[in-house]
Colleague: 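Before I ask anything, let me first share the structure, which is written out below as structure tokens.
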Amino acid sequence: MNIQNFIRPSIKALKAYTSARNEFKGANREMVFLDANENPFDNGINRYPDPQQLELKQLLSNLKGVSTDNMLLGNGSDEILDLIIRMFCEPKKDSVVILPPTYGMYEVLANLNDLEIIKIELTKDFQPNVDDILSLSNANTKILFLCSPNNPTGNSIGQSKIEELLKNFNGIVVIDEAYIEFSQNESWSMRLEKFPNLIVSQTLSKAYGMAGIRLGICFASTEIISILNKIKYPYNINQLTIDKVINELNEKDAPLQQIQTIKNQRSFLIKELNSIDFVIKIFPTDANFILVEVDDAQKRYNQLIAKGIVVRNISSQPKCENCLRITIGTPEECKNLIAILKSL
Ligand SMILES: *Cc1c(COP(=O)(O)O)cnc(C)c1O
């Protein structure tokens, strides 16, 4: 598959803005920087940040086992998903495939870019319908969004289904791995070499506990990354975010202890939810939340609100009628939740 054939012509032809920090790369603290119209008085943030975030990427590269050349950082995964759409999709002409029930941002971003959306519902066990995806796509269908583990259902998509789609979908396959740290599966970022049309998106917002600083990580071929670099804002990751993440990652590696605690609490909640009489079904989960079908989602949602607990009512999504999505909290919060549910 030749990726060049899928890139928007205007993006292919685009000449990127060259910033002062891009033009002069021999950065060295001893030099006098009079090239970017910055205020010269040092307060820690008076300089523009590194547009390539190399120091941060190097740390993430060590952590994730992917080369910095196969990586692009974004202001949350949301920026990454938007950049990918703008790289491949021509407004008013192209389409993308999404598989509801899934993360709402794919649809919002596709609409923002004036794209046609081909919706193909997941099967009743929340797996992609490969035949329908392939037969309903056409020459203008540029991107397929897969979310694994999927939000809001929690399950992973079967590895063989993903492989089949990577081999046979005639376009870009984006795998959103926002919850990968909570699953047993290996990241698809380990297989970039084999699949030129693969883009993987991860985030520091969930397992890493840094939703507040907005950092998403995109993994793809160097060919794709070089174009994404051309279209991103020059200084898309700010200095405060860069400094904070470097600090956090240097201090503690991956928050393994917290992830383990969350997984233990997940097992605890599943066990306890089973004994609650208005719980109808607990869906399998590889994420830090559980999708639960109850007798009356709106009623149970309101009852929980009255007790000071906010969960998400997912009922408006297809195949999720009367379903609540419950995020795994601290052990204390989980204990409390179960006590309240038992008292209703
Ligand atoms: C939470 C979430 C994200 C994270 O988005 P950020 O912009 O990185 O915070 C991405 N994808 C899915 C499916 C999510 O649930």
Side-chain angles (χ1 to χ4, degrees), residues 53 56-57 60 63-64 71-86 96-110 112 117 119 122 126-128 143-157 162 173-183 185 187-189 199-220 228 232-233 236-238 240-242 244-245 248-249 254-255 258-259 262 266 283 285-291 310-314 316-318 320 323-329:
Q53 311 99 20
L56 175 51
K57 274 189 194 154
L60 290 168
L63 194 66
K64 301 287 183 181
M71 212 182 266
L72 176 116
L73 304 184
N75 185 353
S77 336
D78 295 339
E79 182 190 12
I80 287 168
L81 298 169
D82 187 49
L83 287 173
I84 295 168
I85 288 179
R86 286 192 285 140
V96 299
V97 181
I98 67 173
L99 313 179
T102 194
Y103 186 47
M105 274 310 277
Y106 314 135
E107 181 165 359
V108 171
L109 292 169
L112 260 171
I117 301 170
K119 288 189 191 177
L122 294 170
F126 297 137
Q127 291 296 323
I143 304 176
L144 163 64
F145 288 101
L146 301 177
C147 187
S148 182
N150 185 42
N151 179 6
T153 60
N155 65 297
S156 298
I157 298 179
I162 294 184
V173 177
V174 174
I175 307 180
D176 185 339
E177 293 185 337
Y179 301 97
I180 187 74
E181 293 87 356
F182 301 105
S183 94
N185 294 331
S187 167
W188 283 88
S189 62
I199 301 182
V200 177
S201 164
Q202 293 185 8
T203 179
L204 298 197
S205 295
K206 306 286 157 61
Y208 283 83
M210 291 188 251
I213 49 95
R214 316 300 306 127
L215 197 84
I217 315 170
C218 171
F219 303 104
L228 289 173
K232 79 176 183 68
Y233 288 163
N236 61 329
I237 309 297
N238 74 70
L240 299 177
T241 293
I242 294 175
K244 181 70 180 170
V245 178
E248 289 281 318
L249 295 181
Q258 290 178 359
I259 292 169
I262 291 167
R266 180 172 74 188
F283 292 89
T285 177
D286 277 339
N288 67 335
F289 56 83
I290 308 174
L291 188 71
V310 189
V311 297
R312 195 96 188 251
N313 186 352
I314 303 293
S316 63
Q317 289 237 36
C320 295
C323 285
L324 299 174
R325 192 193 67 189
I326 305 175
T327 305
I328 317 293

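Just follow the structure's listing: the first ligand is 1, and inside any ligand the first atom is 1.
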Colleague: Please state which part of Lys206 comes within less than 4.0 Å of ligand 1, counting heavy atoms only: side chain, backbone, both or neither.
Modeller: side chain
Colleague: For atom 9 (O) of ligand 1, find the nearest protein heavy atom and state the residue, atom name and distance (0.1 Å precision).
Modeller: Ser205 OG, 2.6 Å
Colleague: Taking the side chain from Glu177 and the backbone from Trp188, do they hold a donor-acceptor pair closer than 3.5 Å?
Modeller: yes
Colleague: Look at the side chain of Arg325 and the backbone N and O of Gly154, then say whether any donor-acceptor pair between them is shorter than 3.5 Å.
Modeller: no
Colleague: What part of Asn151 sits under 4.0 Å from ligand 1 if we count only heavy atoms: the side chain, the backbone, both or neither?
Modeller: side chain
Colleague: Before signing off on this row, confirm whether Tyr179 and ligand 1 have an N or O atom pair separated by under 3.5 Å.
Modeller: yes
Colleague: Is the side chain of Thr241 donor-acceptor paired with the backbone N or O of Ile213 at a distance under 3.5 Å, no angle test?
Modeller: yes
Colleague: May I ask you to list the atoms of ligand 1 that are less than 4.0 angstrom from any heavy atom of Ala178?
Modeller: 2 (C), 3 (C), 10 (C), 11 (N), 12 (C), 14 (C)
Colleague: Using a 3.5 Å distance criterion without hydrogens, assess whether the side chain of Ser148 forms a donor-acceptor pair with backbone atoms of Ile157.
Modeller: yes
Colleague: Any atom of ligand 1 sitting under 4.0 Å from a heavy atom of Met105?
Modeller: no
Colleague: On a heavy-atom basis, I'd like to know which of Gly76, Ser77, Ser201 is closest to atom 4 (C) of ligand 1.
Modeller: Ser77
Colleague: Around atom 7 (O) of ligand 1, find the nearest protein heavy atom and jot down its residue, atom name and distance.
Modeller: Arg214 NH2, 2.5 Å
Colleague: Measure centre to centre between the rings of Phe289 and Tyr179, then say whether the value is under 6.0 Å.
Modeller: yes
Colleague: Just jot down the ligand 1 atoms closer than 4.0 angstrom to any heavy atom of Cys147, in number order.
Modeller: 13 (C)
Colleague: Quick one: do Glu181 and Lys64 make a salt bridge, cutoff under 4.0 Å?
Modeller: yes
Colleague: Should Ala211 be listed as contacting ligand 1, given a heavy-atom distance under 4.0 Å as the test?
Modeller: no
Colleague: When you measure from atom 12 (C) of ligand 1 to each heavy atom in Asp176, Ile80, Ile217, which option holds the nearest one?
Modeller: Asp176
Colleague: Quick one about Gln53 and Asn236 (side-chain donor to acceptor, distance below 3.5 Å, no hydrogens or angles considered), yes or no?
Modeller: yes
